[in-house]
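One structure coming up, written as structure tokens, with questions to follow.
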Amino acid sequence: MREIEHVIAGKLVGGKADRYGEVLDPNTGATQARVPLAGEARVDEAVQAAKDAFPSWSKTNPQKRARVLFEFKRLLELNIQELAQLLSAEHGKVIADSIGDIQRGIDVVEFACGIPHLQKGEYTQDAGPGIDVYSMRKPLGVVAGITPFNFPAMIPCWMFSVAVACGNTFVLKPSEKDPTVPVRLVELFLEAGGPPGVLNCVHGDKVAVDRLLTHPDVKAVSFVGSSDIAQYVYATGTAHGKRVQAMGGAKNHGVILPDCNMEQTVNDVIGAAFGSAGERCMALPVVVAVGKETADRFVEKALVEAQNLRVGISTDGDAHYGPVVSAAHRQKIESYIQMGIDEGATLKLDGRGFKLQGNEEGFFIGPTLFDDVKPEMVSYQEEIFGPVLQVVRVNTLEEAAELATTHQYGNGAAIFTSSGKAAREFADQVEVGMVGVNVPIPVPVAYHTFGGWKRSAFGDVNQHGPEGVRFWTKIKTVTQRWPDGEVSDQAFVIPTME
Ligand code: NAD
């Protein structure tokens, strides 16, 4: 069976591991590879490799670091088809969606190519008599990224491309469910001229994560995954003196007003709710329809569209979405559907028990639509992370905004309307980190910044964009003067610049 390897100090590292994880093929249900789960010693090796590489990389001038990233970007573009095939084979998302995943990663690499400009410091001449002040953004040292299964290309690129551009050296701990693409990313970075040890990849589970969170040489940790683990990572990492950003789960609300373009809105919502089998933190699994007529119109059209969706294997070019990542995850999604029924929501379309002909053992689940979902239902309050769309009916925009605002998660929200005033107020008031106005999946472009509120993110600095540079650097400020030979008086009070 194919065995996936770590990449440490520029080399693929295999050999015997104490523990292995299974990498499944979601299309068939078969095990396609095994992945070593690093113990503490293996993580320590990777951290040491990054530590050894740091002095030279952090002293490499920024335009030379940028040149590695430019070449890395070129190689990603050159290999995008191969990467997409690998990604779809382990994740289960359709090829076009995998290409989007990789392209979104490339966008952040492109942003990081601007590091000579982004990392420039500040300078004030004559801040006092003969005194100049300058500040610089220094890299932190060895840093780590821990990533989820659902974007195995984009999310590692969010983290490491900005971190290494800033002069840090990096240990990536990708999801053990789809580890092949992260390994390829590191190989391409090396091929692009990235020095060995600057970017390393160790596979593993909680054991590896805990070692990174407590290792004295790791200065910062970026995490993306589910909220309970994000909160644990934040608490443990910060307790060990590290800078931590930890992005968690989501339950994004799409508010539909009576004056929206209903046909366009239904198209947008269906794509955002069911694309990638709903396994996106910026999916739109909840619609809040304002007014009975709006809700009736939406549900009628959405039901037809959902019934027409084609579920297929990830290489089926006509499929709208593929299987979910594992049998266990499918089981979890199906149990939430049962919960919704038990809680009294109206099941309009049931995707449970879906079998794809010829791939009966694959982890498929059909599109599912609930109407009359109520805020007190647990199936509404929790993240399902599958192809399940829940419709909540309210009477006013205020009620709709209140639902998104008071929900435990606050990643994103969208509003569909032709009223600029309503959209402006909603965008201003709603308590989430990212808002779409007639845009169903408002993932910000790379040079802006990505991050949610409430239980969708722990820590207060976002991913990529200027916030990313801030997260991966620390500021040093120098106040200097060059006395011309006169000896000044001893000063016993705090100096002012007068
Ligand atoms: P997950 O939380 O199961 O795993 C994320 C990472 O944590 C993986 O690398 C995994 O190996 C590690 N991990 C798993 N169990 C652990 C434990 N007990 N202790 C320490 N580390 C552990 O998440 P997932 O299932 O891979 O990804 C889906 C989740 O990620 C969803 O909740 C989704 O909303 C969220 N997500 C959030 C964002 C965002 O930006 N907010 C983006 C993508 C995904």
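Computed from heavy atoms alone, side chains included, the values below leave out hydrogens, waters and symmetry copies. Both ligands and their constituent atoms are indexed starting at 1 by order of listing.
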Under 3.5 Å between any N/O of Asp205 and any N/O of ligand 1: does that happen in this structure?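 In this structure, Asp205 places no N or O atom under 3.5 Å from an N or O of ligand 1.
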If the contact criterion is a heavy-atom separation under 4.0 Å, does Ile155 count as touching ligand 1? yes
Check this for me: does any side-chain nitrogen of one of Asp107 and Lys73 sit under 4.0 Å from a carboxylate oxygen of the other?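 Result for this pair is no, no salt bridge flagged.
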Within the structure, is a non-hydrogen atom of Ser227 found at a distance of less than 4.0 Å from ligand 1?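 No heavy atom of Ser227 comes that close to ligand 1.
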Report, in ascending order of atom number, the atoms of ligand 1 lying under 4.0 Å from any heavy atom of Gly204.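 So the atoms of ligand 1 that pass are 11 (O).
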Per-residue contact class, Glu176 against ligand 1 - non-hydrogen pairs under 4.0 Å: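 Under 4.0 Å from ligand 1, Glu176 contributes side-chain atoms alone.
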Applying the salt bridge (charged side-chain N to carboxylate O under 4.0 Å, His left out) test to Glu90, which of Arg184, Arg2, Lys177 qualifies?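 Exactly one pass, corresponding to Arg2.
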Indicate whether the side chain of Glu279 and that of Tyr321 have a donor and an acceptor atom separated by less than 3.5 Å. no
For Glu382 and Tyr336, does a side-chain donor sit closer than 3.5 Å to a side-chain acceptor?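 Checked: Glu382/Tyr336 side chains pair up, N/O donor to acceptor below 3.5 Å.
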Is any heavy atom of the protein nearer than 4.0 Å to atom 4 (O) of ligand 1? no
What do we get for Lys177 next to ligand 1 when only non-hydrogen atoms under 4.0 Å count, side chain, backbone, both or neither? side chain
What about the rings of His407 and Tyr380, do their centers lie closer together than 6.0 Å?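 Yes, close enough.
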Report, as yes or no, whether the 6.0 Å neighbourhood of atom CD on Glu3 holds more than 12 heavy atoms from other residues, nucleotides or ligands.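 Counting neighbours around CD of Glu3, more than 12 heavy atoms of other residues, nucleotides or ligands fall under 6.0 Å, so yes.
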Identity and distance of the protein heavy atom lying nearest atom 27 (O) of ligand 1: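 Of every protein heavy atom, Pro148 CB, 3.3 Å lies nearest to atom 27 (O) of ligand 1.
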Identity and distance of the protein heavy atom lying nearest atom 28 (C) of ligand 1: Phe385 CE2, 3.6 Å
Any N or O of Val209 closer than 3.5 Å to N or O of ligand 1: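 Among all N and O atoms of Val209, none is under 3.5 Å from an N or O of ligand 1.
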Going by the atom numbers of ligand 1, which of them fall below 4.0 Å from some non-hydrogen atom of Met247?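 Contacts of ligand 1 toward Met247, numbered from 1: 39 (C), 40 (O), 41 (N).
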Proximity of Phe111 and Tyr447 rings by center, below 6.0 Å: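 When the ring centroids of Phe111 and Tyr447 are compared, they turn out to be at least 6.0 Å apart.
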More than 12 heavy atoms from other groups under 6.0 Å of NZ on Lys11: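 No, NZ of Lys11 has 12 or fewer neighbouring heavy atoms, counting only those of other groups under 6.0 Å.
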How far is atom 8 (C) of ligand 1 from its nearest protein heavy atom, and which residue and atom is that?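 Checked against all protein heavy atoms, atom 8 (C) of ligand 1 sits closest to Thr147 O, 3.3 Å.
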Using distance alone, determine whether Lys173 and ligand 1 share an N or O pair under 3.5 Å.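 Yes, Lys173 has an N/O under 3.5 Å of an N/O on ligand 1.
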State plainly whether the residues Asp178 and Lys93 are in salt-bridge range, i.e. N to O under 4.0 Å.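 Answer for the salt bridge query: no.
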On the six-membered ring of Phe223, is Lys173 placed so that its NZ or CZ lies under 6.0 angstrom from the centre and within 45° of the ring axis? no
For ligand 1, which atoms, with element, lie under 4.0 Å from some heavy atom of Val224? 5 (C), 36 (N), 37 (C), 38 (C), 39 (C), 40 (O), 42 (C), 43 (C), 44 (C)
Taking heavy atoms and a distance under 4.0 Å, where does Asn411 meet ligand 1: side chain, backbone, both or neither?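 Side chain only.
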From the options Ser226, Ser456, Gly225, select the one whose nearest heavy atom is closest to atom 2 (O) of ligand 1.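 It is Ser226 whose heavy atom sits nearest to atom 2 (O) of ligand 1.
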Protein heavy-atom partner closest to atom 42 (C) of ligand 1 - residue, atom, separation in Å: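 Among all protein heavy atoms, the one nearest atom 42 (C) of ligand 1 is Cys281 SG, 2.9 Å.
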Option of least heavy-atom distance to atom 41 (N) of ligand 1 (set: Ala250, Gly248, Gly412): Gly248
Is the gap between the ring centers of His253 and Tyr409 under 6.0 Å? no
Can you find an N or O of Trp158 that's nearer than 3.5 Å to an N or O of ligand 1?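 It does not: no N or O of Trp158 is found under 3.5 Å from an N or O of ligand 1.
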What's the shortest distance from atom 40 (O) of ligand 1 to any protein heavy atom, and which residue and atom give it?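 Of every protein heavy atom, Phe450 CE2, 3.0 Å lies nearest to atom 40 (O) of ligand 1.
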Does atom CG of Asp18 have more than 12 heavy-atom neighbours, drawn from other residues, nucleotides or ligands, at distances under 6.0 Å? no
Starting from atom 19 (N) of ligand 1, find the nearest protein heavy-atom neighbour and note its residue, name and distance. Lys206 CG, 3.5 Å
Can you tell which part of Glu383 has a heavy atom less than 4.0 Å from ligand 1: side chain, backbone, both or neither? side chain
Using heavy atoms and a threshold below 4.0 Å, how should the contact between Phe223 and ligand 1 be classified: side chain, backbone, both, or neither? side chain
Taking non-hydrogen atoms only, is Asn150 closer than 4.0 angstrom to ligand 1 via side chain, backbone, both or neither?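 For Asn150, the contact with ligand 1 is made by the side chain alone.
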Give a yes or no on whether a salt bridge exists between Glu334 and Arg352, defined as a side-chain N under 4.0 angstrom from a carboxylate O. no
Looking only at side-chain N and O atoms, does Asp44 offer a donor or acceptor that is under 3.5 Å from a partner on Gln48?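 Per modelled atom types, Gln48 and Asp44 side chains form no pair under 3.5 Å.
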Using a strict cut-off of 4.0 Å, indicate which atoms of ligand 1 neighbour a heavy atom of Gly249.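 Listed by number with element: 32 (O), 34 (O).
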Mode of Val233 contact toward ligand 1 - side chain, backbone, both, neither (heavy atoms, under 4.0 Å):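 Contact part for Val233 vs ligand 1: neither.
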Report yes or no: do Gln463 and Gln245 form a side-chain donor-acceptor pair below 3.5 Å?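 Yes, Gln245 and Gln463 have a side-chain donor paired with an acceptor closer than 3.5 Å.
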Please state which protein non-hydrogen atom is closest to atom 26 (O) of ligand 1 and give its distance, to 0.1 Å? Phe149 N, 3.0 Å
What class does the angle between the rings of Phe72 and Phe189 fall in, given that below 30° is parallel, 30 to 60° is tilted and above 60° is perpendicular? perpendicular
Identity and distance of the protein heavy atom lying nearest atom 16 (C) of ligand 1: Ile229 CD1, 3.5 Å
